[in-house]
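When a ligand or atom number is given, it counts from 1 through the structure's own listing order. The figures here come from the full heavy-atom set of this structure, side chains too, leaving out hydrogens, waters and symmetry mates. Values in this document were obtained by computation on a predicted structure and should not be read as measured data.
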Amino acid sequence: MKIYRFRYRKKIITGVLKEDVLFPIKGSVFKDFKIEDSAIPVGEVKLLPPVSPSKIVCLGRNYQEHAEELGNDIPTEPLIFLKPPSAIVGPDQAIIYPAMSQRVDYEGELAIIIKKKVKNLKEEEAWTDYVLGYSCFNDVTARDLQLKDGQFTRAKSFDTFAPFGPCLVTDLNLEGLHLKTFLNGKLVQSGNTRNMIFPVPFLLRYISSIMTLEPGDIIATGTPAGVGPMEPGDRIEIQIEGIGTLSNVVKKIDMRR
Ligand code: MG
């Protein structure tokens, strides 16, 4: 099932896509819901980020070739960091190039969206009970600031540095999903989720042994090889098999207010 969150006639609605038409749901995507009969044409809505998380937990260096391309060792345990929810933008919203940076990179990633509160997930528990679905995520990074600071917070946290969407997909087999990134239509990343160093069930157990995961929280599972810079005016697209394409443009504007 493909679930979209969108604005339609000044209302924010969550709906399920069936044959290019959106059907609003009644209830909560995290619990029980019914699909209503009223149909909304996709062309009349503005898509929003699929959920509003309390936190975004990201994986660094979870694909071997990406660790190597940045000259890092292959990690022996997951390397995690946080991105603030204030960085989220939806499909087709602009990524704002900050004046503080001279090198802003794309990182195409598979996002996991948490369904219900989980702490200390056990190996014998069904991890899929805690996952609502999957989406595309762009872990936008000011690479020069990441290297300068020696830690990730500033480089990863600018407003608009977490494009997310276009929908969430509830039923996906994670074994071997192709992930592709296109910069102005040119293929720049081509990876496969089967090549994650630490797979999703392990990540859920590891992260939930550190912090409680809440409904709507996002785990961005790391980027494959091929990261590189974007410039103002560029269009960046993250495409994952079975989910769709997350598309955003880069802009340089004065953010002071
Ligand atoms: Mg990343």
Residue pair Q189 / T223, side-chain donor-acceptor N/O under 3.5 Å: yes
Ring-face cation contact, F30 with K115, 6.0 Å cut, 45° max: no
Closest E109 atom to the Mg ion (ligand 1) [N, O or S only]: OE2
D139, N/O/S atom nearest the Mg ion (ligand 1): OD2
Atom pair CD1/OG1 of I207 and T212 - distance to nearest 0.5 Å: 12.5 Å
Axial cation check for F152 ring with K156, 6.0 Å and 45° limits: yes
For the Mg ion (ligand 1): the N/O/S atom of E107 at shortest distance: OE1
